[in-house]
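Take a look at the structure set out below.
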Amino acid sequence: MKIIGKITKACSIRFIDKTLYIMLFIFSGLVLNSCQEEIDITEGTDPNGVENTNNLNSETTNFYRRVSMHDGSFDDNIDQNSCSSVILPVSLTANGNPLVISNTSDYALVDAIFNQSDTDEDIIVFDFPIQVMNHDYTTQTIANQQELNNLIGFCNQLIIDNENPITCIDFIYNIGFSVFNSNLNQSTIKNIASDFDLFNFIKNLSIDEVYAAQYPIEVSVLGNSTNTFITSDNELEASILGCISDLQSQDPNLNLNAILTNATWQISNITQNGADITAGYSSYQFNFVNDFTMTATNTLPPFEVVNGNWQSNYLNNVTSLNINLTNNAILNLLNREWTVTAFTSNQVNLKWNNEIYLTLNSI
């Protein structure tokens with residue numbers, strides 16, 4: 001076990017190089033000035049043997065970073081992007097109704113319009129340009145819908161890579177971190193007061209620094225009526241992984257986009273008013289792209305490629321998938337807002353008005 005320093009609890013923090021510690025102890029009988037107990041910080045473990053000391057590449061560091069990212073999920077009903085949020089005020093139309101969203105309570109106006117019908121297509125059109133705040137707290141001007149689609153596609157890729165903001169758990173600040181810089185042989189205490197502070201603390205860690213959280217840390221977990229106190233890195237990771245699993249089961253659309261864009265799809269079954277019409281569609285292969293464009297490629301003559309776009313939505317516990325393919329008489333039947341009845345990593349089941357049922361399977 002490699003000792004990299006000393007912490008004096010509730011008084012001061014001093015880190016002493018291991019070799020220097022031995023030399024001073026032999027030659028001068030090291031006397032430590034302290035008012036309470038001194039403990040060792042070790043790489044990877046705390047004095048009780050718990051894995052609590054981290055560097056910039058630690059798994060716990062990545063969890064701290066993702067939890068402290070800007071949570072853009074609160075306005076997903078207007079921008080379909082949990083990694084960014086639209087900076088208010090903003091002008092838009094919801095299903096053709098002009099609105100000015102001045103504060104977060106105005107999002108209810110959009111929901112009210114969307115709830116007027118269960119069968120129409122819910123469409124937001126922004127009065128561009130708009131400003132957004134990204135997951136890393138940078139702001140960005142979006143000039144048109146294509147740029148917004150690109151940003152949504154970027155978020156989808158973050159989700160696929162497990163690099164998106166974690167929104168199901170919140171830290172209750174303040175949080176203290178003991179930090180040791182091995183290059184400078186220097187110790188500091190970092191007091192963190194907000195997600196923004198924590199994100200920048202993690203962002204600015206150097207390769208020479210290790211840190212340990214001053215547990216316990218109070219957290220609020222989505223769906224829990226009372227806060228929880230976390231006492232170790234292992235407990236923190238378990239709480240985060242647990243709430244991610246719970247959130248995914250409650251909000252299926254979080255995974256649908258990642259699943260669709262991560263495979264090529266084929267219609268394995270489609271019926272209309274009870275009649276099986278699969279044969280007319282089974283030769284097409286569908287690719288959903290992160291920027292919300294899509295292609296349908298016919299694998300039989302005349303081997304045409306049909307372009308289009310797609311969009312998913314999650315509202316009132318219902319996941320929908322809107323498909324719009326252009327200039328093809330056969331595929332025109334697919335151009336509608338489908339209700340997603342079930343999906344796995346290799347199959348998506350859709351229906352429309354209890355008249356058309358469609359199953360997509362990954363190839």
Side-chain angles (χ1 to χ4, degrees), residues 65-117 120-161 163-167 170 194-196 199-200 203 251 253-254 256-258 260-261 288-294 307-316 319-324 326 337:
R65 182 177 62 85
R66 292 179 62 195
V67 172
S68 63
M69 287 176 176
H70 174 62
D71 180 2
S73 63
F74 62 90
D75 68 346
D76 283 359
N77 64 337
I78 66 170
D79 70 353
Q80 295 295 303
N81 186 351
S82 62
C83 306
S84 302
S85 63
V86 177
I87 297 174
L88 303 181
V90 66
S91 298
L92 55 83
T93 60
N95 290 355
N97 297 278
L99 294 173
V100 176
I101 307 299
S102 300
N103 53 63
T104 55
S105 64
D106 289 339
Y107 298 135
L109 301 175
V110 177
D111 289 337
I113 292 171
F114 285 173
N115 290 337
Q116 289 175 359
S117 173
D120 66 343
E121 181 181 353
D122 294 325
I123 298 176
I124 293 289
V125 178
F126 286 104
D127 183 9
F128 292 101
I130 63 173
Q131 289 255 309
V132 301
M133 177 173 286
N134 294 317
H135 69 289
D136 60 358
Y137 296 94
T138 59
T139 58
Q140 180 179 353
T141 299
I142 304 297
N144 51 53
Q145 185 62 46
Q146 185 56 55
E147 288 188 7
L148 183 60
N149 289 346
N150 292 342
L151 191 64
I152 297 170
F154 175 72
C155 182
N156 289 339
Q157 190 61 51
L158 289 179
I159 294 172
I160 292 171
D161 296 337
E163 289 292 328
N164 58 304
I166 294 173
T167 61
D170 289 310
S194 66
D195 281 343
F196 179 77
F199 183 84
N200 282 296
K203 177 183 176 181
D251 186 354
N253 195 49
L254 288 174
L256 179 61
N257 289 2
L260 286 173
T261 57
F288 298 84
V289 186
N290 280 332
D291 64 0
F292 294 97
T293 59
M294 66 178 296
N307 295 309
N309 53 70
W310 66 281
Q311 180 71 62
S312 66
N313 189 36
Y314 183 72
L315 185 65
N316 296 330
T319 300
S320 60
L321 177 65
N322 185 68
I323 293 175
N324 182 29
T326 58
E337 187 172 22

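What's counted below: heavy atoms across the whole structure, side chains too, no hydrogens, waters or symmetry copies.
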Side chains of Thr261 and Asn290 only: does a donor on one sit below 3.5 Å from an acceptor on the other?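 Yes, side-chain donor-acceptor contact under 3.5 Å.
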Donor-acceptor pair between Glu337 and Ser320 side chains, under 3.5 angstrom: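 Side chains of Glu337 and Ser320: pair found under 3.5 Å.
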side-chain hydrogen bond (donor to acceptor under 3.5 Å, both in side chains) involving [X] - partner list, sequence neighbours excluded:
X: His70; result: Ser85
X: Arg65; result: Asn62, Glu163
X: Thr93; result: none
X: Asp195; result: Tyr173

As an exercise, state the distance from [atom1] of [X] to [atom2] of [Y], rounded to the nearest 0.5 Å.
X: Leu158; Y: Asn164; atom1: CG; atom2: CG; result: 6.5 Å
X: Met133; Y: Thr139; atom1: CE; atom2: OG1; result: 6.5 Å
X: Ile87; Y: Ile130; atom1: CD1; atom2: CD1; result: 9.5 Å
X: Ile113; Y: Asn97; atom1: CD1; atom2: CG; result: 4.0 Å
X: Cys83; Y: Met69; atom1: SG; atom2: CE; result: 8.0 Å
X: Asn322; Y: Asp122; atom1: CG; atom2: CG; result: 9.5 Å

Listed by chain and number, what are the side chain to side chain contact (heavy atoms under 4.5 Å, CB included) partners of [X], not counting sequence neighbours?
X: Gln145; value: Phe128, Leu148, Asn149
X: Thr138; value: Asn134, Asp136
X: Asp291; value: Gln146, Asn150, Val289, Thr293
X: Asp127; value: Ser91

Measure across Thr104 and Tyr107 and return the closest heavy-atom pair with its distance rounded to 0.1 Å.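 Scanning both residues completely, I find the closest heavy atoms to be O-CD1, 3.0 Å.
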Heavy-atom closest pair, residues Ile123 and Phe114: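 Scanning both residues completely, I find the closest heavy atoms to be N-CE2, 4.1 Å.
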Does the side chain of [X] reach to within under 4.5 Å of the side chain of [Y], using non-hydrogen atoms?
X: Val86; Y: Phe126; answer: yes
X: Cys155; Y: Ser82; answer: yes
X: Asp79; Y: Val132; answer: no
X: Asn257; Y: Ile159; answer: no

Starting from the C-alpha separation in whole Å, work towards a yes-or-no answer on side chain to side chain donor-acceptor pair (under 3.5 Å) for Thr167 and Asp71. CA-CA 6 Å; Thr167 61; Asp71 180 2; 4.7 Å; no
Would you please classify the geometry between the Phe292 ring and the Trp310 ring as parallel, tilted or perpendicular, with 30° and 60° separating the classes?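 Answer is tilted, since the angle falls between 30° and 60°.
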Given 3.5 Å as the limit, does a donor-acceptor pair link the side chain of Thr326 with the main chain of Asn307, or not?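 Answer holds: yes.
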Run through Asn313, Ile124, Leu151, Asp75 and flag the one making a side-chain contact (heavy atoms from CB on, under 4.5 Å) with Gln80.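 Among the candidates, only Asn313 passes.
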Give the C-alpha distance, both sets of side-chain angles, the deciding distance and a yes or no for side chain to side chain donor-acceptor pair (under 3.5 Å) between Asn77 and Asp111. CA-CA 7 Å; Asn77 64 337; Asp111 289 337; 3.1 Å; yes
Taking only residues two or more places apart in sequence, or in another chain, which ones meet Phe74 in a ring-ring contact (aromatic ring centres under 6.0 Å, His included)?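 With sequence neighbours excluded, Phe74 shows a ring-ring contact (aromatic ring centres under 6.0 Å, His included) to no residue whatsoever.
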